[in-house]
There are 2 protein chains.
Amino acid sequence: MPPPAIPEPAHAEVDSMLSRKFGKEIANYFAGSPLNRVSFLRTDNVFLSAALKHPSTSFLLFNNLAPLAKDSTQLEYVNFEDVRPLIGDDPYSKSEEQMIEEYNSTVTISQLLFLGLDEDKRSGFEWKSIYHGSPYFALDVTPKGSVSSAAEKLIETVKSRSLQFVEGRMHMSLPAPQAAIYAQARALLDWNARNPFCAGCGQPTLSINAGMKRTCPPKDMASVTEQSSIGSTTDAKPAKDRPDCVTRKGISNLCFPRTDPTVIMAVISADGERVLLGRQKRWPPHWYSTLAGFVEPAESVEEAVRREVWEESGVKLGRVVIHSTQPWPYPANLMIGAVGQCVPGGEEIILKHDPELEDAKWVNMAEVKEALEVGTSGLGEDPEPGYKEGGLRLPPRTAIANQLLTAVTGGFLEGAVTAPRI
Amino acid sequence: MPPPAIPEPAHAEVDSMLSRKFGKEIANYFAGSPLNRVSFLRTDNVFLSAALKHPSTSFLLFNNLAPLAKDSTQLEYVNFEDVRPLIGDDPYSKSEEQMIEEYNSTVTISQLLFLGLDEDKRSGFEWKSIYHGSPYFALDVTPKGSVSSAAEKLIETVKSRSLQFVEGRMHMSLPAPQAAIYAQARALLDWNARNPFCAGCGQPTLSINAGMKRTCPPKDMASVTEQSSIGSTTDAKPAKDRPDCVTRKGISNLCFPRTDPTVIMAVISADGERVLLGRQKRWPPHWYSTLAGFVEPAESVEEAVRREVWEESGVKLGRVVIHSTQPWPYPANLMIGAVGQCVPGGEEIILKHDPELEDAKWVNMAEVKEALEVGTSGLGEDPEPGYKEGGLRLPPRTAIANQLLTAVTGGFLEGAVTAPRI
């Protein structure tokens with residue numbers, strides 16, 4: 001397999017004051033999307049309708065969160081004619097206000113997402129003479145409810161083209177820009193699928209904002225269907241009001257996608273000569289990584305780094321610096337990568353506070369550096385050629401853990417005075 | 001009013017390699033908690049029970065998210081005897097397994113939170129000879145359901161001590177360690193109150209893990225109550241199974257508190273001599289701040305900074321560096337503060353993409369620096385003495401926006417070569 005791709009930063013890397021002082025920006029895998037999300041156009045159904053039907057538009061299909069692909073190294077897209085039998089001629093023909101007004105909880109709508117415009121592809125699509133590029137959508141084709149047979153038919157059609165829905169985590173082998181598109185689509189389809197009900201009132205919700213919002217409609221036409229007897233028309237009967245819901249008053253965070261901030265940190269000893277690594281029981285022998293954990297409510301990232309390191313390893317940190325971040329779509333994490341330094345004398349390892357790790361240990365910089373050269377791989381794969389059995393094994397370059405360790409064994413600490421000031 | 005307190009970092013600031021290279025760590029307001037959360041003890045009901053009843057234990061009460069306080073500069077705590085009439089002799093007498101087994105959705109339980117141990121207070125409380133300090137809990141005393149009268153009585157009792165439940169955002173005037181305790185309690189009480197139902201299946205949920213988790217129990221004793229006729233005992237009738245729920249299979253993020261990552265950024269021009277500021281319509285005249293926005297799913301922080309700045313102002317950024325973070329408990333944000341630098345020629349301001357801002361403009365470093373000295377205040381307050389009418393106004397030191405602007409006008413860029421390399 002070719003070495004995993006690392007994304008180029010989406011902006012041109014310029015020789016700016018910031019890069020001269022802090023070094024080159026690290027763009028981690030799953031970041032580096034080629035798409036402009038033009039988020040402010042998601043509420044405009046006329047825009048969405050035009051983008052949906054443009055000949056240059058690409059649709060990424062997912063069946064139970066498995067994306068359509070040629071193989072695990074190449075996503076495949078279909079066009080509007082392919083998806084029309086499932087989504088109809090124009091699912092964006094109505095405004096959001098109308099969709100909410102006509103909401104019927106018994107009707108299944110396949111989840112459709114607008115992902116953004118690929119501005120590098122001058123495809124003829126433009127909007128208001130300002131925004132242009134090839135539109136990207138994602139569509140959930142999982143057979144369910146009233147769309148089961150149309151979805152199954154669509155799945156058969158695309159499979160007949162020698163394509164497949166690739167199961168599992170695709171994070172090892174996609175080219176970086178594809179991985180970013182996949183991550184955006186997967187995270188949002190998963191969020192919609194995970195949250196069919198309103199956490200505020202327990203009633204079913206409706207997807208709006210092209211997949212970026214779920215709203216709790218005040219009425220449900222399902223009540224009309226229930227009331228009506230055979231032969232009657234539903235037109236004359238108004239939909240029943242649903243019970244009150246707090247999410248309908250003002251803006252509620254519950255209506256928007258959830259992203260869970262996590263911390264992941266390369267920890268160096270007070271003298272800067274060793275790195276703290278930990279391992280979980282289920283990992284292969286000799287495999288270690290950086291420590292990590294969820295940020296809790298009302299905690300800064302820096303505090304979360306110190307808390308997690310102490311809870312999992314007993315080690316006490318002083319200064320924490322944030323290095324870079326990585327979106328992680330399993331299901332919805334934002335990994336915030338940091339470097340932390342031990343306070344003098346705080347290196348003692350204690351695993352009994354929170355027994356999450358099987359082991360934690362201090363490793364010399366030189367050993368970490370060597371393992372980054374010969375001991376990295378995906379969890380289920382063999383290490384690089386040159387690896388000697390029994391040597392330290394570490395995560396691959398697509399993992400932010402690898403980038404953090406590369407930073408502390410490389411130039412990140414460059415320029416820091418190691419001898420104490422007098 | 002005294003100038004707002006800025007927290008000291010919870011760790012001793014040491015002269016480490018990291019601080020020598022990157023400067024002193026900025027601890028923002030609402031961070032800097034004096035409590036050790038000992039998160040791994042939250043599932044241990046025997047620990048919680050002992051901590052709850054210790055004479056050194058403090059309870060922070062909230063009525064509709066307003067905390068009990070002497071005034072807006074000083075929280076007040078009550079003790080176990082005060083809260084016993086509302087929570088009973090021991091709400092932690094049963095294990096979580098038992099609580100889930102006996103779940104009854106018709107019974108109101110006042111939300112109780114374990115916040116942590118204040119290790120600086122050697123109060124005699126210790127656990128397993130390892131963990132010690134004064135325990136802190138928070139309790140929601142909002143009158144509702146079956147606890148209404150007990151809650152109202154408790155509210156009357158504490159009010160008779162010349163204490164009050166202070167409404168509004170307390171972020172301007174509490175001492176920093178108090179603000180951090182308040183933020184933790186408020187964020188978690190709000191999350192529990194906002195999420196009474198399971199977003200996966202629509203059924204009511206139960207608080208466990210001392211307030212840090214909500215679970216979707218498989219049975220509900222309420223069904224027994226409904227089934228039973230007058231005079232019968234419920235003992236012989238088993239609770240009915242509830243419909244299946246996906247959150248009961250493995251670990252679901254829906255069961256844990258939600259924190260929404262946001263970006264907030266000081267943007268400097270390509271030549272490093274000006275700062276981009278924006279203002280919202282509802283702000284007082286001459287008031288500006290940094291730009292900010294929510295991180296979207298599958299987006300790195302660096303990408304979110306570039307996207308938000310372009311969407312709100314049209315300005316195009318290159319390198320982005322993360323500076324510090326601030327928890328923001330209204331209701332559940334993690335503000336990730338960054339500094340971004342414009343690409344050469346990318347300074348043109350365009351407000352028509354996402355019309356969120358009323359205005360955006362480039363301001364010289366010297367003017368920003370002066371406004372940080374004489375033009376800061378809380379939104380509803382007067383600026384510092386020395387402010388001249390018509391001058392730039394900026395957020396107070398308790399806001400991370402202020403810290404970011406202080407950084408870019410101060411030492412943060414120090415050492416960066418401003419002349420282009422040959």
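Reminder, nothing fancy here: chain letters follow the sequence lines and each chain counts from 1. Just so you know, these numbers use all the heavy atoms, side chains as well, and skip hydrogens, waters and symmetry mates.
- Both the backbone and the side chain of B/Pro257 have a heavy atom closer than 4.5 Å to some heavy atom of chain A.
- Between the side chain of B/Lys21 and the backbone N or O of A/Phe412 there is at least one donor-acceptor pair closer than 3.5 Å.
- Residue contact with chain A, scored on non-hydrogen atoms closer than 4.5 Å, involves the side chain of B/Asn36 exclusively.
- When each of A/Pro9, A/Ala270, A/Ala31 is checked for heavy-atom pairs under 4.5 Å with chain B, A/Ala31 comes out on top.
- B/Pro297 and A/Gln184 get closest at one heavy-atom pair: O-CG, 4.4 Å.
- Among the candidates B/Thr259, B/Val246, B/Val14, the residue making the largest number of heavy-atom pairs closer than 4.5 Å to chain A is B/Thr259.
- Contact count against chain A (heavy-atom pairs under 4.5 Å) is highest for B/Glu299 among B/Glu356, B/Glu299, B/Gln326.
- For the pair B/Arg258 and A/Glu296, the salt-bridge criterion is not met [side-chain N within less than 4.0 Å of a carboxylate O].
- Each of A/Gly318, A/Ala332, A/Ala187 has some count of heavy-atom pairs under 4.5 Å with chain B, and the biggest count is that of A/Gly318.
- Applying the side-chain contact (heavy atoms from CB on, under 4.5 Å) test between A/His353 and each of B/Val38, B/Ile130, B/Leu41 identifies B/Ile130 as the sole match.
- When each of A/Thr205, A/Val339, A/Val321 is scored by its heavy-atom pairs under 4.5 Å with chain B, the top score falls to A/Val321.
- Proximity to chain A is absent for every atom of B/Met335, based on heavy atoms less than 4.5 angstrom apart.
- Every side-chain contact (heavy atoms from CB on, under 4.5 Å) that B/Asn195 has, sequence neighbours left out, goes to A/Ala199, A/Leu254, B/Trp191, B/Arg214.
- Summarising the geometry of B/Pro261 relative to A/Leu334, their closest heavy-atom pair is CB-CD2, 3.9 Å, with the distance given to 0.1 Å.
- Interface residue B/Phe256: backbone and side-chain heavy atoms are both found under 4.5 Å from chain A.
- No other option in A/Lys128, A/Arg186, A/Gln203, A/Arg307 has as many heavy-atom pairs under 4.5 Å with chain B as A/Arg307.
- In this model, a donor atom of one side chain and an acceptor atom of the other lie less than 3.5 Å apart for B/Asn253 and A/Arg194.
- Few gaps surround NZ on A/Lys249; more than 12 heavy atoms of other groups in view lie less than 6.0 Å from it.
- A donor-acceptor contact shorter than 3.5 Å links the side chain of A/Glu25 to the backbone of B/Val320.
- The backbone N or O of B/Leu18 lies less than 3.5 Å from a partner atom in the side chain of A/Gln341, making a donor-acceptor pair.
- Residue contact with chain A, scored on non-hydrogen atoms closer than 4.5 Å, is absent for B/Pro204.
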Decide side-chain hydrogen bond (donor to acceptor under 3.5 Å, both in side chains) for B/Glu302 and A/Ser324; before the verdict, give the C-alpha distance in whole Å, the side-chain angles of both, and the deciding distance to 0.1 Å. CA-CA 8 Å; B/Glu302 297 87 341; A/Ser324 64; 5.0 Å; no
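- Using a 4.5 Å cut-off between heavy atoms, A/Pro329 does not touch chain B at all.
- Here the CZ atom belonging to A/Phe197 is positioned 7.0 Å from the SG atom belonging to B/Cys201, to the nearest 0.5 angstrom.
- Between the CD1 atom in B/Ile336 and the CD1 atom in A/Ile336 there is a gap of 4.0 Å [rounded to 0.5 Å].
- Atom-to-atom distance recorded for B/Leu413:CG and A/Ser16:OG is 9.5 Å, nearest 0.5 angstrom.
- To the nearest 0.5 Å, the span separating CZ on A/Phe22 from NE2 on B/His323 amounts to 8.5 Å.
- Both the backbone and the side chain of B/Val301 come within less than 4.5 Å of a heavy atom of chain A.
- One finds no salt bridge joining B/Arg37 and A/Glu303 here, because no Lys/Arg side-chain nitrogen approaches an Asp/Glu carboxylate oxygen to under 4.0 Å.
- Here the straight-line distance linking atom OG of A/Ser300 with atom CH2 of B/Trp328 works out to 14.5 Å at 0.5 Å rounding.
- Residue contact with chain A, scored on non-hydrogen atoms closer than 4.5 Å, is absent for B/Lys316.
- When each of B/Ser39, B/Ala193, B/Ser33, B/Ala180 is scored by its heavy-atom pairs under 4.5 Å with chain A, the top score falls to B/Ser39.
- When heavy atoms are compared at a cutoff of 4.5 Å, B/Leu317 approaches chain A solely by way of its backbone atoms N, CA, C and O.
- Neither the backbone nor the side chain of B/Thr247 comes within contact range of chain A; no heavy atom of the residue lies under 4.5 Å from a heavy atom of that chain.
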